[in-house]
Amino acid sequence: QVELVESGGGLVQSGGSLRLSCLASGVSFSSYAMGWFRQAPGKEREFVAAITRSGSASSHVDSVKGRFTISRDNGKNTVYLQMNSLKPEDTAVYYCAAKSNFWDTIVRTGYDYWGQGTQVTVSS
């Protein structure tokens, strides 16, 4: 059974940093492209960042470029989202997601598995 468990969320002041982690189990982790998404109150879930199976390439939504960095450790079955220079508009529930992918490419939609989410709140 596939399970994704996020951790690392919390309350932080504007300009602060957090590192989210997502531990995957029940999957051959290195066969999965991984992504981070977020959903703010009253808004639709949006793509934040994605990384290839090998970690050789990544992609970030424009609103977080230069502030957030996705990375992965295949030996630890874990994907990370380092978030720096946080803004109040980054407040949301953050979800990690996994998609089985034959190719070592970026995936932005159509994810197979989702975590339960971790709350990030940025105060002004």
Side-chain angles (χ1 to χ4, degrees):
Q1 183 175 351
V2 177
E3 186 175 23
L4 303 175
V5 179
E6 302 97 336
S7 61
L11 174 64
V12 63
Q13 289 188 332
S14 181
S17 298
L18 286 172
R19 188 176 82 153
L20 305 183
S21 300
C22 173
L23 176 63
S25 60
V27 296
S28 178
F29 188 67
S30 60
S31 298
Y32 282 73
M34 299 296 295
W36 285 97
F37 292 76
R38 66 186 179 185
Q39 186 167 20
K43 295 187 177 181
E44 293 187 353
R45 185 168 58 193
E46 66 168 346
F47 168 81
V48 175
I51 191 165
T52 59
R53 291 168 41 187
S54 69
S56 61
S58 62
S59 176
H60 301 76
V61 69
D62 285 347
S63 60
V64 308
K65 280 182 180 177
R67 301 189 298 122
F68 292 11
T69 303
I70 188 172
S71 62
R72 66 189 294 162
D73 185 336
N74 284 352
K76 295 182 178 179
N77 283 15
T78 301
V79 62
Y80 305 97
L81 186 66
Q82 177 66 45
M83 304 187 296
N84 300 327
S85 302
L86 282 160
K87 305 175 180 180
E89 52 264 43
D90 295 319
T91 295
V93 178
Y94 283 71
Y95 300 89
C96 72
K99 180 174 177 59
S100 180
N101 196 22
F102 181 82
W103 305 105
D104 193 28
T105 56
I106 297 290
V107 174
R108 293 182 179 83
T109 62
Y111 277 83
D112 300 315
Y113 303 104
W114 295 84
Q116 292 298 307
T118 185
Q119 176 70 47
V120 171
T121 303
V122 184
S123 62
S124 57

So do [Y] and [X] actually touch side chain to side chain, heavy atoms under 4.5 Å?
| X | Y | answer |
| --- | --- | --- |
| Phe29 | Met34 | yes |
| Ser17 | Gln82 | yes |
| Tyr95 | Gln39 | yes |
| Arg53 | Tyr32 | no |

Verify, without hydrogens or angle tests, whether [X] (side chain) and [Y] (backbone) share a donor-acceptor contact under 3.5 angstrom.
| X | Y | value |
| --- | --- | --- |
| Asp73 | Asn77 | no |
| Ser31 | Ser100 | no |
| Thr118 | Gly9 | yes |
| Ser54 | Ser56 | yes |
| Glu3 | Ser25 | no |
| His60 | Ile70 | yes |
| Arg108 | Ala49 | no |
| Arg67 | Ser85 | yes |

Query raised in the report: What about the rings of Phe47 and Phe37, do their centers lie closer together than 6.0 Å?
Result: yes
Query raised in the report: Between Phe68 and Trp36, does the ring centre distance come in under 6.0 Å?
Result: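 No; Trp36 has its ring centre 6.0 Å or more from that of Phe68.
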What are the two closest heavy atoms between [X] and [Y], and how far apart are they?
| X | Y | answer |
| --- | --- | --- |
| Leu23 | Lys76 | CD1-O, 3.4 Å |
| Pro88 | Ser124 | CG-CB, 3.9 Å |
| Cys96 | Val79 | CB-CG1, 4.5 Å |
| Val48 | Val64 | O-CG2, 4.0 Å |
| Ala92 | Gln119 | O-NE2, 3.4 Å |

Requested in this report: Look at atom CD of Gln116 and say whether more than 12 heavy atoms of other residues, nucleotides or ligands are closer to it than 6.0 Å.
Outcome: no
How long is the span from the [atom1] atom in [X] to the [atom2] atom in [Y], to the nearest 0.5 Å?
| X | Y | atom1 | atom2 | answer |
| --- | --- | --- | --- | --- |
| Ile51 | Ile106 | CD1 | CD1 | 7.0 Å |
| Thr91 | Leu86 | OG1 | CG | 8.5 Å |
| Ser58 | Arg72 | OG | CZ | 11.5 Å |

Report task. Can you spot which of Leu11, Val93, Asp90, Val12 makes a side-chain contact (heavy atoms from CB on, under 4.5 Å) with Thr121? Result ->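 By the side-chain contact (heavy atoms from CB on, under 4.5 Å) criterion, Thr121 pairs with just one of Leu11, Val93, Asp90, Val12: Leu11.
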Query - Verdict with reasoning, Glu6 to Tyr94, per side chain to side chain contact (heavy atoms under 4.5 Å, CB included) - result: CA-CA 8 Å; Glu6 302 97 336; Tyr94 283 71; over 6 Å; no
Query raised in the report: If Ile, Leu, Val, Met, Phe, Trp and Tyr residues are connected whenever their side-chain heavy atoms lie under 4.5 Å apart, and connections chain through other members, are Val120 and Tyr80 in the same group?
Result: no
Query raised in the report: Are Val107 and Val2 connected, step by step, through hydrophobic side chains (Ile, Leu, Val, Met, Phe, Trp, Tyr) whose heavy atoms are closer than 4.5 Å?
Result: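 Shared cluster, yes.
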Query raised in the report: Run the side chain to side chain contact (heavy atoms under 4.5 Å, CB included) check on Val122 and Gln13 step by step: do they pass?
Result: CA-CA 5 Å; Val122 184; Gln13 289 188 332; over 6 Å; no
